[in-house]
Amino acid sequence: MTDTITTKYTRADFQTDQEVRWCPGCGDYTILAAVQSFMADLGMPREQIVFVSGIGCSSRFPYYMNTYGIHSIHGRAPAIASGIAVARPDLSVWVVTGDGDALSIGGNHLIHALRRNMNLKILLFNNQIYGLTKGQYSPTSEKGKRTKSSPAGSPDVPFNPVSLALGAEASFVARTIDMDRKLTMDVLQKASEHKGTSFIEIYQNCNVFNDKAFIELTGKETRLDNRINLEHGEPITFGPEGEHAVVMAGGAAKIVPTNSVAPDEIMVHDVHAPNPSAAFALSRLSHGPYGPTPVGIFRDAVRSSYEQDVKQQLIDAQEKKGPGDLSKLIRSLGTWKVE
Amino acid sequence: MSDDTATLEATPSPDIEIEEIDKVIIRFAGDSGDGMQLAGTRFTADSAIFGNDLATLPNFPAEIRAPAGTIPGVSSFQVQIADFDILTPGDEADVLVAMNPAALKANLIDLRPGGMIIVNEEAFEERNLAKAGFETNPLEDGSLAGYRVFRVPMERLTKEAVKDTGVSGRDVLRSKNFFALGLISWVFHRPLETSIKWVESKFAKREEVAAANIASLRAGHNFGLTTEAFHHVYNIRPAALKPGEYTNVTGNTATAWGLIAASQAAKLPLFYGTYPITPASDILHELAKHKNFGVRTYQAEDEIAGAGAAVGAAFAGHLAVTGTSGPGLALKSETISLAISLELPLIVIDVQRAGPSTGLPTKVEQSDLLFSLYGRHGEAPLPVLAARTASDAFDVTVEAARIALKYMTPVILLTDNYIANGSEPWRLPDLDALPDISVPFQTEPNANGHYLPYLRDPETLARQWAIPGTPGLEHRLGGLEKREVVGNVSYDTNNHQLMTELREWKIKNIANDIPLLEVDGGEGAELLVLGWGSTFGAIRAAAIRVRKDGLAVATAHLRYLNPFPANLGDVLGQYRYVLIPEVNMGQLRKMIRADFLVPAMGFNKVKGLPFRVSEVENKIREILAS
Ligand code: SF4
């Protein structure tokens, strides 16, 4: 991604002639606008970019991006995108998925994409509900949630997508919120610079089936108390006056009054730490957007990327054995001649 | 080469008689840990280099180590070698090498009366006899009176042979398969040197193992030389095959090489996305060795992802392939439908095995034919091709690639466990004569400065392939129905009718681009025996046999199962009877009856084994007599 020529674009260059068909007020619109603007700023030639999605409201995304793209099958976007990335290390491959798509039907593909660390940028739009199928609980819905498919309350314990990604060996993990354009742009920038798979959970409001799911983090009254902004190299404090701090105690991250601890006891956020334990501890501070919840980049670690390793193996094989000679290959098991 | 073999080759001792025979069928059988597949493969390779025609049938348990000494743990390898052109590994064996009582018990039924049995006699002790279900020792109770039995103390002789080689413990008796190979090589007058060379290179890093195997091999050979009972030996002259250069190849290897050849013929890098599954994994193993050809093998997290990654690679401009066996094909079904909708080239290889479910993973069946044709949701037609023999898999693979690329469609290529693991001599093709199957990528807008992804070639109905990285042709594909030509999402019902018909016509139209079905023999015949896939050898050989008695029978073998060759209806119409032998319950028969309203008869067997020639022969005779 670093060697490509940059081109001058505006957001309009990334819009398509397709009518955008999300419900009015859906958080997907703000994310689409942010991604289109980000792509324009990035300046990478449009033809080098591929968006791959699965099925769900968010998975309509590629139709609205004037790049190459595939709207594929439910849950399989990471698998299909992986094929593109391995075949073509020169491309910038983006996956757009949702909580049902990525964490339920496509859970297997997601975790394996993360551990392989291919050049994939995975945007998981988490609205904690099935929107396209009109409102069933999803694998990130809170336990006890009442929906059409769970009138007595969902019996499922939800996933914490950030914890899941970190557990699956992801090298870049971040969380942002649809409403927070600045944070989203910043996270996209870092994700695009990262070598390997970047995983971004985006809290996305589904105003039709799960409105205000993230209100604790976006509402005027509550957001300052609940948003834990992660900044690399900074002590982790939050609250209107920075009155809350995060410390490690008993093997877990804990929120304490800032003035109850010595300044050097406060956790200093290190996105580059090779060991993901601290990032994981931070991810466990909340199990959903219901109270103080960290947002920003949890982890941005250096690891070799899969498609580059594969490419290197091909180069090494050619250096060692020379370019493939089919005529020799079909004779490699020994031959005999019949006159 | 050892001095002993040198002496033998030059001047066999006067008391050794050499009888010329035209063919022999040998079955090596033992416990799955006894190395019988290796002994059989080596004997095959030696015979191939010697110039015989041959065909093999490996047969092994699904478990890696079924309980030792039991019938389920028996592994066998049958090879027929001949001085003439043969088509199958043969029906009944002439020679059975049995490394333990279970191997004898499981295989005796396939030995011809009067056949030769060579046993590893020390294994015939109480415990092993009991495990195999023998109440008395068959070597002593007279039950083998109808055979020529040779009792060989293989374990003692192997131990003696390897005592100075440095192997110890369990490795000592490991070499006894080479003892058996050495003895059989003596009896059938085979040179040892290719096997010795093979051992030396295979075990280059474990010299003591190499030394032990070679010592056992020679000991087996010398045992024959010095034991009077083995002084009547046999020779099978090189076969008068069509002139050319030959190699001995299994179907899986031929398939892998066919893919590499196709990638060269298509001028595209090869991408193989897959998940390990018996009996297809060897295609992955073979391809993974050839990265210097630019081959990317991708071992995915599951079958679905293997196919998904291949679809991604196809979109990105590679020759994309996914390989599997039945259960995996089921999992890939949804992804194949996507490829049909996206109209991307994709080769799907199904090395069929016995089903349903896990079924018999190491046994042959042709039971995925209807699934290949119809096993998808919606109207989802695609071409289906089948290889008939191990070496044919090479050509069919290249042909599958040609069709996939030219028509922008997924293609299912069927082989099966018999083809995949069986081997035969393959007359090496003239690689310069490989067809150019490349299709140019679209690089320019195709309509007023725009790229319309579903604009079709008027002749093939294929859309144009524009790959990421091409400026100005950015486009989005998807599984939602698309508006014809334009490619945008369309819910228009008339458009759906049209697109469904276009997808159907595109595949049907391929019938005009494939060879007509050839009929073999049968002047004035009333009976046509129609087959597909790995029944080829048995059907052809059976026809040859009945024709020797002056009976008229025609045969034809389908390589294209969808679409059928354009003349199939005419061919069928020329015969009073049509017989379709299949290793399934009658899947092609159902298709033929449905498409052509012909009262085709079935002949069906699902015992995990290919047809014997005699089975097909008897069926033909039965029909002709009625
Ligand atoms: S259902 Fe919800 S997620 Fe889907 S488009 Fe409507 S608001 Fe957005």
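Residue numbers start from 1 in every chain, and the chains themselves are labelled A, B, ... in the order their sequence lines are given, proteins ahead of strands. Quantities reported herein were computed from a predicted structural model and do not represent experimental measurements.
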Please list, chain by chain and in numerical order, all residues satisfying ring-ring contact (aromatic ring centres under 6.0 Å, His included) with A:Tyr63, sequence neighbours excluded.
-> A:His71

Which atoms of A:Asp316 come close to chain B, meaning under 4.5 Å heavy atom to heavy atom: side chain ones, backbone ones, both, or neither?
-> neither

Would you mind checking which part of B:Leu477 comes under 4.5 Å of any heavy atom in chain A, side chain (CB onward), backbone (N, CA, C, O), both or neither?
-> both

How about residues 108-116 of chain A versus chain B: which residues have heavy atoms under 4.5 Å apart?
-> A:Asn108, A:His109, A:His112, A:Arg116

Looking only at A:Gln18, A:Glu339, A:Glu319, A:Lys311, the option with the highest number of non-hydrogen pairs under 4.5 Å against chain B is A:Gln18

Angle class for the A:Tyr306/B:Tyr298 ring planes (parallel below 30°, perpendicular above 60°, tilted otherwise)?
-> perpendicular

Take atom CZ in A:Arg11; do more than 12 heavy atoms of anything else shown fall under 6.0 Å from it?
-> yes

Using non-hydrogen atoms only, which part of B:Pro425 is less than 4.5 Å away from chain A: side chain, backbone, both, or neither?
-> both

Taking only heavy atoms into account, what residues of residues 262-271 of chain B are found under 4.5 Å from chain A?
-> B:Gln264, B:Phe271

Hey, which of B:Val489, B:Leu338, B:Leu428, B:Val311 has the most heavy atom pairs under 4.5 Å with chain A?
-> B:Leu428

Highest number of heavy-atom pairs under 4.5 Å with chain B among A:Arg331, A:Arg76, A:Met65, A:Lys320 belongs to A:Arg331

ring-ring contact (aromatic ring centres under 6.0 Å, His included) partners for A:Phe61, two or more places apart | A:Phe51, A:Phe125

